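Right, one structure below, let's go through it.
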2 protein chains.
Amino acid sequence: MPVTVLLVDDEPLVRAGLRAVLEAQPDIEVAGEAADGAAVVPLVRRLRPDVVAMDVRMPLLDGIEATRALLRTVSDPPRILVVTTFENDEYVYEALRAGADGFLLKRARPAEIVHAVRLIAEGESLLFPASVRRLAAEYGDGGGNRAARAELERARLTDREGEVLRLMARGLSNAEIAARLVVGTETVKSHVSAVLAKLGARDRTQAVITAYESGFVTPG
Amino acid sequence: MPVTVLLVDDEPLVRAGLRAVLEAQPDIEVAGEAADGAAVVPLVRRLRPDVVAMDVRMPLLDGIEATRALLRTVSDPPRILVVTTFENDEYVYEALRAGADGFLLKRARPAEIVHAVRLIAEGESLLFPASVRRLAAEYGDGGGNRAARAELERARLTDREGEVLRLMARGLSNAEIAARLVVGTETVKSHVSAVLAKLGARDRTQAVITAYESGFVTPG
DNA sequence: CGGCGTCTCCCCCGTGCGGGGGAGCCCGGC
DNA sequence: GCCGGGCTCCCCCGCACGGGGGAGACGCCG
C-alpha cells in the first residue's frame, strides 16, 4: 500500500516538480494538489492522504494557518511536511510549532525529497536532517547570516516588538505603524526604541537590514 | 519538427517541474538539463537546442555569464529564456543586456510557461509580457510596493547611485557613505535623493527594502 | 500579596534626513 | 561647436526620528 501525498503550493511549477519527483517512486502516490491553504482541509477530508507537502508562503491561507486548521479540525490528521525556499524562514519554525512534522528545502535533490516524504510517512520527525545542514553550509548562510541571526536570538523580541519590526520591514513610518496597530505614535516609538536597543541597531534601516539578514523577514 | 529546450537550473525540483510542464506539449521536447552555467556551452554544442531556459542565480557560473559565453563562443546560438523568481531581479536585466531574449517568472502558470517557450522559439522577444505585469500586480503587496516595483523596472540607477544604494543597504549613514566614497555629505545626499526618486521610495528604509526585494542586494 | 514584564502613553530635545532649489565640471555624442 | 548626463558641492528648511527620561494598567507567577 503506497504512501499517498497531497501537494500544496501556490506555484504550479513547484507542484509539477514535486509530482514528477514523487511519482517516479513506485511506493509513493500523489493523491491531489491544492494551490492555497484554504483548499487543504476539504481536500484532506476527501482524499485522506498520509502526508501533506505544504508550502509556507501562500495566498489566502498560509502554511502555518493551514497546519493549525488541519490539526484542529481533522480527526486522524495526515503528517505535515513543510516545504520552503529558505532554511531560516521564521515561518517554518512557526509551522513546526503549529504542529508540522518536518521541513524540506525546495532546492533539495530529488532523492532527498523522496527520502523526506518516506520518513515523514513512517512517523519520523524531520526537523534538522543532515541534508538540510549540509545544504545550509553549502549555500553559505543562504538567507541567514550567522551574526545577524545570533543577534536576533539574543534579542528576544516581544510579540509586539516583532510585529513592529515586521511593519518597519515593510517600509512603514511610525505614524503608519501606529495607525495599523491602533495605538499612539508614542507607543510605537517606545517599541521601535526597544527593537533598536535589542538589535544593536542605530536606526530603523539597520534594524530592517538585520531582519532581512537573519531571515526574520525574507524577500519574495 | 518540435522545439527543443535545454533546462539550466541548479534546483532539480525546478528542472523537474519545467520538464513536466514542457513535455506535456507535443510540439516541445526537453533536450537535456544542466545544473550550473559552466555546463551550458558544451551541452549546447552537443544538443543544439532551440531554446535555453536558464536560471539567473546559479553556482559556478550564473545565467548572465553563461548567456555571454553562449553568444560569444557558439555559432548560431540558441534563443535564451531567463527564468527567475523575482520580477525585479537586477540580474535579469543584466542577462537581457547580455543578450537573453526574454524572461519568465517561476511562479507563472504552466500555460504561460509553454507560451513563453513557443514565443521565444519563434524569434519573438518576451521582455514584459502581460502575464508578468499581471503577476507583478497580483503579488504586489497592495499599493506602495507595487508602484515602487513598477518604478524599479524603469529605474536605471547610475553606477554611483547603485554604489550608494548598496552602502545604504549595509546600514551606513550619509556621513559614513561620504567618508567611504571620499566625497562630501552633500554629494551623498544628492545621490540618495536620486535613488529615492527613481525607486519611488519615501525614505532610505524603503529604498533598502526595495533593494532586498528586487534582489539588488541579497541576504547573507 | 508583591514583584516583574509587557503594553500603553507622555514630556523634552538634538539632529540626521529628505525636499527644493541652484551651480560648476567633465565627458561623450550629435 | 553645443548639448545632455553624470558627478560633485552648496544653500535653506521642515520634520520625522531616536535618546532619555517617567508613569499608569494589566496579567502572570512565585
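Below, chain A is the first sequence line, B the second, and so on; all start at residue 1. Remember, it's a predicted structure, so these values are computed and weren't measured experimentally.
The phosphate of dC17(C) has OP1 or OP2 within less than 4.0 Å of a side-chain N or O from N174(B). Contact annotation: T158(B) side-chain N/O to dC7(D) OP1/OP2 distance is under 4.0 Å. Listed pair R202(A) / dG16(C) fails the phosphate criterion, with no side-chain N or O lying under 4.0 Å from OP1 or OP2. At dG18(C), one or more side-chain N or O atoms of R204(B) fall inside 4.0 Å of OP1 or OP2 (strictly under the cut-off).
One can place CG of D159(A) at 6 Å from P of dC7(C), the figure rounded to the nearest angstrom. Rounded to a whole Å, the CD atom of E161(B) is 10 Å from the C1' atom of dC7(D). Atom CE in M168(B) sits roughly 12 Å away from atom C1' in dC17(C) (whole-Å rounding). As rounded to whole Å, 10 Å separates atom C1' of dC17(D) from atom CG of L196(A). As a whole-Å value, the separation of Q206(A) CD from dC17(D) P is 16 Å. If you take CD of E163(B) and C1' of dT8(D), they are 14 Å apart, rounded to a whole angstrom.
Rounding to the nearest 0.5 angstrom, the gap separating the CD1 atom in I209(B) from the CG atom in L172(A) is 8.5 Å. For the atom pair CD (E11(A)) and CG (L18(A)), the distance works out to 11.0 Å, reported to the nearest 0.5 Å. Taken from CD1 in I80(B) to CG in L6(B), the straight-line distance is 10.5 Å, to the nearest 0.5 Å.
If you check the side chains of T4(B) and D50(B), you find a donor sitting under 3.5 Å from an acceptor.
Shown here is R170(B), whose CZ atom has no more than 12 heavy atoms of other residues, nucleotides or ligands within 6.0 Å.
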Base-pairing string, 5' to 3', of DNA chain D - Watson-Crick or wobble, under 3.5 Å, | interstrand | ||||||||||||||||||||||||||||||

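The residue from H191(A), E186(A), K189(A), R204(A) that alone fulfils the side chain to side chain donor-acceptor pair (under 3.5 Å) condition with N174(A) is R204(A).
E163(B) places no side-chain N or O within 3.5 Å of a backbone atom of R160(B) that could act as its donor or acceptor partner. A donor-acceptor contact shorter than 3.5 Å links the side chain of R202(A) to the backbone of G171(B).
Contacts between residues 180-193 of chain A and DNA chain D, defined by a heavy-atom separation below 4.0 Å, involve K189(A), V192(A), S193(A), listed by number.
Under the rule for a side-chain contact (heavy atoms from CB on, under 4.5 Å), A179(A) has no partner lying at least two apart in sequence or in another chain.
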